[in-house]
A.B. asks: 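Sharing a structure here in structure tokens format.
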There are 2 protein chains.
Amino acid sequence: MPSAIESLLTSNIRPSIQRMRILDYLRQKKNHPTVETIFNDLAPEIPTLSKTTVYNTLQLLKENGLVISLDLGEGYIRYDADTSPHLHFECEKCGGVFDIFMAPEDLRKKLPAGFVLKETRVYAFGVCAKCAKVNG
Amino acid sequence: MPSAIESLLTSNIRPSIQRMRILDYLRQKKNHPTVETIFNDLAPEIPTLSKTTVYNTLQLLKENGLVISLDLGEGYIRYDADTSPHLHFECEKCGGVFDIFMAPEDLRKKLPAGFVLKETRVYAFGVCAKCAKVNG
DNA sequence: GTGTCTGCAAACGATTTGCAAATTA
DNA sequence: TAATTTGCAAATCGTTTGCAGACAC
């Protein structure tokens, strides 16, 4: 895994302190933090940090494929620096979000020991038949 | 399929005009409407209708399993009166949302003719191992 | 009459936007 | 100094809440 500064330079993103620290933070924390959490945790070491910059940076990182976003229907968006294909499990008791590295069809059978599956939501994105025909 | 009034009575929901029409509307329209759309379409025939009532009713219907909600990350919530297990495909060109009745593992191969799949997001909900152990 | 339902208006909260100061090349 | 980045403050907008009047049993 290249360092944060290397990843930013590769994507032609100027490696400001804020951008490097936010990307580093997401790579260290594996708990899919929100903007609020990221801001609160980084504010002490970057006293002038603003939420606007956190929002701007996350959008920039996402556009360049360095992070992905999760919308679990909680009313806010979570971010994840692990861009490899995987799915997410949210515990309805503790609210924790866990990475699950398996195909969706294995969810019922191969879930980690002790996990109880209640519901799955699958969203697919792409181009419908009508639009694909028109736009080639 | 029981009528709207029958479904409401079965769930011990008092069948007001508003509730019957909103449930009927969702069963007729298969395009996963938003609160805004539902309100705009029903306002002409129920002139005193308020968005609050649409919100209240949808929450009530959802709690009683008569509708499900979709959050495709658009910034608003869509509703669907088809509560059978299925997944949803959003077209990035026209914004249309399509019901797909198949298992997630078949998405790549058995997608309806002409559809182009770009991305899938799978969210699982339940109880994690730690919470399952504590709460039995 | 008593409890439920409706709907107006205000509040809420995550995210976005406008813009000027600060920073960088 | 010209272009980019940052961050404060205000705006946006879907959703929620408070509450009073309307309605149902």
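Keep in mind that what you see is a predicted model, and the values were worked out from it rather than measured. We name chains A, B, ... by the order of the sequence lines, and we start the count at 1 in each one.
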A.B. asks: Which Ile, Leu, Val, Met, Phe, Trp or Tyr residues join A/F101 in one cluster when any pair of side-chain heavy atoms under 4.5 Å counts as a link?
C.D. replies: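 Taking Ile, Leu, Val, Met, Phe, Trp and Tyr as members, A/F101 stands alone, with no cluster partners.
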A.B. asks: Quick one: salt bridge (Lys or Arg N to Asp or Glu O under 4.0 Å) pairs with a partner in residues 2-15 of chain A, sequence neighbours left out?
C.D. replies: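 Matches after skipping sequence neighbours: none remain.
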A.B. asks: A/I5: which residues meet the side chain to side chain contact (heavy atoms under 4.5 Å, CB included) condition with it, sequence neighbours left out?
C.D. replies: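 Once residues adjacent in sequence are excluded, the partners of A/I5 under the side chain to side chain contact (heavy atoms under 4.5 Å, CB included) criterion are A/S3, A/L9, A/P15, A/M20.
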A.B. asks: Strictly by modelled atom types, are B/T10 and B/S7 linked by a side-chain donor-acceptor pair under 3.5 Å?
C.D. replies: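 Note: B/T10 and B/S7 side chains miss the donor-acceptor criterion.
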A.B. asks: Does A/Y55 form a side-chain contact (heavy atoms from CB on, under 4.5 Å) with A/V35? I'd like the steps, not just the answer.
C.D. replies: CA-CA 7 Å; A/Y55 277 105; A/V35 165; 3.6 Å; yes
A.B. asks: Below 4.0 angstrom, which residues in residues 75-82 of chain A have at least one non-hydrogen atom near DNA chain C?
C.D. replies: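 Going residue by residue through residues 75-82 of chain A, the ones with a heavy atom under 4.0 Å of DNA chain C turn out to be A/G75, A/Y76, A/I77.
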A.B. asks: Output, in order, the C-alpha distance, side-chain angles, deciding distance and verdict of side-chain contact (heavy atoms from CB on, under 4.5 Å) for B/I46 and B/T53.
C.D. replies: CA-CA 11 Å; B/I46 311 175; B/T53 296; over 6 Å; no
A.B. asks: With sequence neighbours excluded, what pairs up with A/S16 under the side chain to side chain contact (heavy atoms under 4.5 Å, CB included) test?
C.D. replies: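 Listed in chain order: A/Q18, A/R19.
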A.B. asks: Under 4.0 Å, heavy atom to any atom of DNA chain C: which of residues 18-45 of chain B qualify?
C.D. replies: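 Only B/Q18, B/R19 qualify.
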A.B. asks: Please give, in whole Å, the distance from D/dG14 C1' to B/L58 CG?
C.D. replies: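 Interatomic distance, CG of B/L58 to C1' of D/dG14: 13 Å.
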A.B. asks: In a table with atom names and distances, give each donor-acceptor pair under 3.5 Å that connects a side chain of residues 102-113 of chain B to protein atoms at least two apart or in another chain.
C.D. replies:
none

A.B. asks: For B/K51 and D/dT17, what is the distance between atoms NZ and P respectively, to the nearest whole Å?
C.D. replies: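 Rounded to the whole Å, the gap is 17 Å.
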A.B. asks: Under the salt bridge (Lys or Arg N to Asp or Glu O under 4.0 Å) rule, collect the residues that match up with A/R27, sequence neighbours excluded.
C.D. replies: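 A/R27: no salt bridge (Lys or Arg N to Asp or Glu O under 4.0 Å) contacts found.
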A.B. asks: Please tell me whether A/F89 and B/Y123 form a close aromatic pair, meaning their ring centres lie under 6.0 Å apart.
C.D. replies: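 For A/F89 and B/Y123, the ring centres are not under 6.0 Å apart.
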A.B. asks: Relative to the 5' end of DNA chain C, which residue comes earlier, B/I13 or B/T52, by the nucleotide with the nearest heavy atom?
C.D. replies: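 First, find each residue's nearest nucleotide; the 5'-ward one identifies B/I13.
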A.B. asks: For A/E74 and D/dT15, what is the distance between atoms CD and P respectively, to the nearest whole Å?
C.D. replies: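 So the CD-P distance, A/E74 to D/dT15, works out to 16 Å.
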A.B. asks: For DNA chain C, which nucleotides open and close the run of contacts to chain B, 5' to 3', at under 4.0 angstrom from a non-hydrogen atom?
C.D. replies: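 Here the contact window of chain B covers C/dT4 to C/dA9.
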A.B. asks: In Å and rounded to the nearest 0.5 Å, what is the CG to CD distance from B/L23 to B/Q28?
C.D. replies: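 If I round to the nearest 0.5 Å, the distance is 10.0 Å.
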A.B. asks: So how far off straight is the helix from C/dG1-D/dC25 to C/dA25-D/dT1, going by the axes through five pairs at either end, to 10°?
C.D. replies: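 The angle, to the nearest 10 degrees, is 20°.
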A.B. asks: Would B/L66 end up clustered with B/Y79 when hydrophobic side chains under 4.5 Å apart are linked, directly or stepwise?
C.D. replies: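 Hydrophobic grouping puts B/L66 with B/Y79.
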A.B. asks: B/V67 vs B/I22, test: side-chain contact (heavy atoms from CB on, under 4.5 Å). Steps then yes/no.
C.D. replies: CA-CA 11 Å; B/V67 305; B/I22 289 172; over 6 Å; no
A.B. asks: Excluding sequence neighbours, so at least two apart, what forms salt bridge (Lys or Arg N to Asp or Glu O under 4.0 Å) with A/E92?
C.D. replies: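 Salt bridge (Lys or Arg N to Asp or Glu O under 4.0 Å) list for A/E92, sorted by chain: A/K118.
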A.B. asks: Extract from the structure each pairing of a protein N or O with an N or O of nucleotides 21-25 of chain D at less than 3.5 Å, listing the distance.
C.D. replies:
unit_1 : atom_1 : unit_2 : atom_2 : d
D/dA24 : O4'    : B/R14  : NH2    : 3.3

A.B. asks: Could you state whether A/I17 and A/F39 fall into the same hydrophobic cluster, counting links through intermediate Ile, Leu, Val, Met, Phe, Trp or Tyr residues with side-chain heavy atoms under 4.5 angstrom apart?
C.D. replies: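 Linked, A/I17 and A/F39 end up in one cluster.
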